[in-house]
There are 2 protein chains.
Amino acid sequence: MSTQKASRPSGAKDDPSAAGSGRRPTLMDVARRAGVSRATASLVIRDAAGPSAESRERVRQAAADLGYRPDLAAQLLRRRNSRLIGVMFSAQEPFHADLIESVYAATEEVGYDVVLSAVVPSRGERRAVEALITSRCEAIVLIGAREACTTDFGVQVPVVEIGRPPNETVFDAVHTADDEGARLAVDHLVSLGHHDIVHVDGGERPGAAERRAGYLDAMRRHGLGGRARVVPGDYTELSGFEAARTLLSAGPLPTAVVAGNDQCAIGLLIELRHAGVDVPGRVSIVGYDDIRSARLAHIDLTTVRQDAEQMARLAVQAAVERLDNGLDGETREFSLAPQLVVRGSTGPTR
Amino acid sequence: MSTQKASRPSGAKDDPSAAGSGRRPTLMDVARRAGVSRATASLVIRDAAGPSAESRERVRQAAADLGYRPDLAAQLLRRRNSRLIGVMFSAQEPFHADLIESVYAATEEVGYDVVLSAVVPSRGERRAVEALITSRCEAIVLIGAREACTTDFGVQVPVVEIGRPPNETVFDAVHTADDEGARLAVDHLVSLGHHDIVHVDGGERPGAAERRAGYLDAMRRHGLGGRARVVPGDYTELSGFEAARTLLSAGPLPTAVVAGNDQCAIGLLIELRHAGVDVPGRVSIVGYDDIRSARLAHIDLTTVRQDAEQMARLAVQAAVERLDNGLDGETREFSLAPQLVVRGSTGPTR
DNA sequence: CACTCCTTTTAGATCGATCTAAGTACCATG
DNA sequence: CATGGTACTTAGATCGATCTAAAAGGAGTG
C-alpha cells in the first residue's frame, strides 16, 4: 500500500540559530546574552515602557540572534488574562470558513489571539468546547452550535454564539435576522411574478426554524399561504439533490425555490439543470448565506447574504466587552439585517 | 444596520460548581477539599500509579464537585513534552477538512492533542506556523503548504508535510503518488476509448506538477503524446468554470478531461452541463482527491481517491516516531498508492 | 551636602501544574 | 528489637514567563 524511501538528511540540523544546547532559548538566555536582567528583557519583548533605548536595542538583537520566541504556555500561566478567544466551528461548513477568516481579523484588532477547535463526527461539540476551556480561553465563540451543550457544565467564561436564533440561547448572540432574510427572498420572487414557491428547509440546523417561519409568514402576507410548501432537508448539498428529486417526481414543478442555505441551493441547481430544467427560465432558486462559491460565475446564485465579517466583528466585540465589564448583566443579541443579493439564478415567470 | 436588544440575565450566574471565589479551581483547591497533598491529587488526575483506592475516590469526587479542569498552560509549562501536534491547514479547502478529521482521530490514538492553525488570506503560512511554534507544539503537520516557509526560521521541531511531492520538501512527507494517480485517470479514459483527453492543471499548487507530469507521461505511453493538451487552472471551482469556457470557445471539445482536483472537476461538470454538454455522454470528467461532495449522488464524480485517513495516520505516526527517535536521520517519504474510483462522470466514447 | 524626583534596572514572588527525592506507616522477617 | 521491604504520601524544586516593589543611579534644588 505504501512505499517508503530514505533520502536527504534533515535540513533542521545545521541551524545556526540553535544555541548549542538544542534547547529552545528562553527569556533568561536572551537576558544573559544582552547583559540585562530577565525583567528588563521581558519589558523589551512586550514593548512595555521602562527600558532605555540602548537596552531595547541590545535585547532585540540578542532575541533575534537566538531566534527567541516567547513561550505561550508560560505567558498564559502568568498573565492575568490569556488574551485568547476560543472558537468552535465545523470543519465541513464553507460558511464557517468565511466566519473564521473574519474572526482572525477581528480578534487581531482587539489584541487577542484565536484558538480553534473543530467539530468533526468523532469529536462532538462538548469535546470541542472542553478543549477550549482547558486552553484557558478568556471567551468562547460558538459558530453554528447545535446543542446547548455549554449550559450544563460550569463555563465560567463569556460565550457568544454566532448563527443561532436568540430564543434558543442563554448567551450573547450574533445572528442574521433569518426570518427577515427568508421574507426578502419570497418578496423578491413574488415581485418577479412567482406564486408557486417552495421552501427546502434546514431541519434542526441553527436558524432553520426562523427561515422556515419567515418563509411561511411572507407567503401568507402575499396571500399565498395556501400554496406554501416545505420540503424537508438539512444544510447540505446532498439535501438539495434529494429535494430536487422529490420536486421532480411529485407533481408539477414549482416556479421557484427558497433553499435553506447556499449549499442546498447549489445541490438543487445542479440537479435540476442536470434533469434538463432551465434555471432560472423554468425554476428560480434563492440560497442563503452567500458563501464564496455562490459568487462563482456560473453558479451565480441569487442569495440572502449574511455579512460574515460584521458577524465575526460583533461577536468578538461582545466577548471582549463582557470581559471588560463582567459576566453579569443582561445577555445581548445582535440581529443583523440580511441583504438580498440578486444574481443569475432567479428571473421572472414566463 | 444592527439592532440590539436586552433580554434574559446571564445563565452562567447561579452556577453551583463555582467555588465561591469566582476563580477557576486549581489542583490545590481539589487537594485541600480531598484532604490530600497537591502531589497526590496530581497523580490521581493523571491516572498515574501510586495513590490508594481511597485517595483516588476522594480526589475524583472533589474534582467533580469543584468542576476542576486542569490548566493546559501549566501542564505544558511543566511537562517535559507538551503532547501537542500542530496542524496548519487552509480553511477554504474541503479536502483539508477531511484530513483534519482524520488527524484528530490519529493523534488521539497516540495520546497527543491537536492545535489548529488556519491559513486565510490575511494570515499567511508563516504566521500560521509561528503560532504553532509559540504554542509549544512538539511536532508540526503542514497540510498543503505552498511555500517552503518553514526552512528559513529555526524550526526545532519535526515537521511532516502532507500533500507536497517529495522532491519539494526537506521534511518528512506523506503524499499520494500524484503522477501515478493521473496515469490511472488517463488509463481509465483510454480504456473507455478516449483519445482527446485534456488536462486542467493546478498551476503551482502542491502536487499539481506531478499530476501534470503523470498525465503527459500516460498520454505518451498510449501513443497520444501529440494530442496532449494542458489548460491552465488552479484547484478551485472557479478555475473549472473558466476551463470549461475555454474548452467551449476554442475549437472542438475533447471527449474527456482530467481535472487538477475535485473542485475543479465539479466546476467543469456544472458549467459543461449548463452549456448543454452531456456528461459523461459527450465529455467524460475525472477529478482528484475524492472529497465528500464528489461522492454525492448527482455529482457522482469519477475521481482518483487520496486516502485521507491513511495520510493523516502516517503523518502523525511519522511525527511521533521522530519525536521518539530524534530529529537527526534521513527524512522519510511515504508515498501512498492512489486509487481510481469509477463513478458516473465517465463513460465510453460514442 | 542632603534631599527629592525621575528614569532605569532588578531580585524575588508568582501563576498551576509535574517531577524528584525523601519521608512516613505498616508489616513481615531474621 | 533491629532491619528491610512495600505501599503511600508529600515537601519543595521546577518549567518560563509576568508582575510587584524596591533598589540603584543621576539630575536638579535649596
Side-chain angles (χ1 to χ4, degrees), chain A residues 19 21-59 62-63 66-84 111 113 133-138 156, chain B residues 19 21-59 62-63 66-84 111 113 133-138 156:
Chain A
S21 65
R23 208 179 80 274
R24 114 185 221 164
T26 75
L27 194 55
M28 188 63 209
D29 300 324
V30 174
R32 230 187 316 253
R33 181 176 241 264
V36 299
S37 70
R38 253 170 32 233
T40 301
S42 176
L43 291 171
V44 173
I45 295 295
R46 283 179 282 153
D47 264 326
S52 66
E54 201 208 319
S55 296
R56 301 203 107 83
E57 179 50 36
R58 299 178 57 187
V59 171
L66 295 174
Y68 170 75
R69 238 164 259 284
D71 183 318
L72 193 64
Q75 290 184 318
L76 252 46
L77 181 58
R78 190 55 181 91
R79 272 212 274 259
R80 178 176 315 270
N81 45 3
S82 67
R83 309 229 63 117
L84 288 180
D113 264 329
I133 295 176
T134 304
S135 300
R136 248 178 185 250
C137 295
E138 287 185 66
Q156 328 235 356
Chain B
S21 65
R23 209 179 80 275
R24 115 184 219 166
T26 75
L27 194 55
M28 188 64 209
D29 300 324
V30 173
R32 236 192 306 259
R33 181 174 240 265
V36 299
S37 70
R38 254 171 30 225
T40 301
S42 177
L43 290 171
V44 174
I45 295 293
R46 282 178 282 154
D47 263 327
S52 65
E54 201 209 320
S55 296
R56 300 203 106 83
E57 179 49 37
R58 300 179 56 188
V59 171
L66 296 174
Y68 170 75
R69 239 163 257 286
D71 184 317
L72 193 63
Q75 290 184 318
L76 251 45
L77 182 58
R78 189 53 180 96
R79 272 212 275 259
R80 179 177 314 271
N81 45 3
S82 68
R83 309 227 64 114
L84 289 179
D113 265 329
I133 295 176
T134 304
S135 301
R136 248 177 185 251
C137 294
E138 288 185 68
Q156 327 235 357

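Numbered from 1 within each chain, the chains take letters A, B, ... in sequence-line order. Note that the structure is predicted; figures quoted are calculated from it, not measured. Note: hydrogens, waters and symmetry copies are ignored here, and every other heavy atom, side chains too, is used.
Both B:Ser52 and B:Leu77 sit near DNA chain D, but only B:Ser52 has its closest nucleotide nearer the 5' end. Across the interface with DNA chain D, nearest-nucleotide mapping of B:Arg78 and B:Pro51 shows B:Pro51 to be the residue nearer the 5′ end. Both B:Ala39 and B:Ala73 lie close to DNA chain C; mapped to their nearest nucleotides by heavy-atom distance, the more 5′-ward contact belongs to B:Ala73.
In this structure the side chain of B:Asp71 never reaches within 4.5 angstrom of the side chain of B:Thr26, judged on heavy atoms.
In this structure, B:Gln75 places its CD atom 13 Å from P of C:dG16, rounding to the nearest Å. Whole-Å rounding puts the B:Leu76 CG to D:dA17 P distance at 13 Å. Atoms CD1 (A:Ile45) and C1' (D:dC19) sit 16 Å apart, rounded to a whole Å. Between the OH atom of B:Tyr68 and the C1' atom of C:dA17 there is a distance of 7 Å, given to the nearest Å. Distance CZ (B:Arg32) to P (C:dA17): 12 Å, rounded to an integer number of Å. When the P atom of D:dT9 is taken as reference, atom CZ of B:Arg58 falls 10 Å away, rounded to whole Å. Nucleotide C:dC19 holds its P atom 11 Å from the CZ atom of B:Arg83, rounded to whole Å. Atom CE in B:Met28 sits about 11 Å away from atom P in D:dT10, given to the nearest Å.
Heavy atoms of A:Arg136 sit under 4.0 angstrom from primed sugar atoms or phosphate atoms, though from no base atom.
For D:dT9, the OP1/OP2 oxygens have no side-chain nitrogen or oxygen of B:Thr40 closer than 4.0 Å. The shortest distance between the side-chain N/O atoms of A:Ser37 and the OP1/OP2 oxygens of C:dT10 is below 4.0 Å. When the side-chain nitrogen and oxygen atoms of B:Ser55 are compared with OP1 and OP2 of D:dT9, one or more of them lie within a distance under 4.0 Å.
Note that CG of B:Leu72 and CG of B:Leu84 are 6.0 Å apart. Values are rounded to the nearest 0.5 Å. For the atom pair CZ of A:Arg58 and OG1 of A:Thr40, the computed distance is 10.5 Å after rounding to the nearest 0.5 Å. A distance of 6.0 Å separates CZ of A:Arg136 from CG of A:Leu76, quoted to the nearest 0.5 Å. Between the CG atom in B:Asp113 and the CD atom in B:Glu138 there is a gap of 11.0 Å [rounded to 0.5 Å].
Not a single donor-acceptor pair, N or O on each side, falls under 3.5 Å between the base of D:dT10 and the side chain of B:Arg38. If you check distances only, the side chain of B:Arg79 never reaches the base of C:dT18 with a donor-acceptor pair under 3.5 Å.
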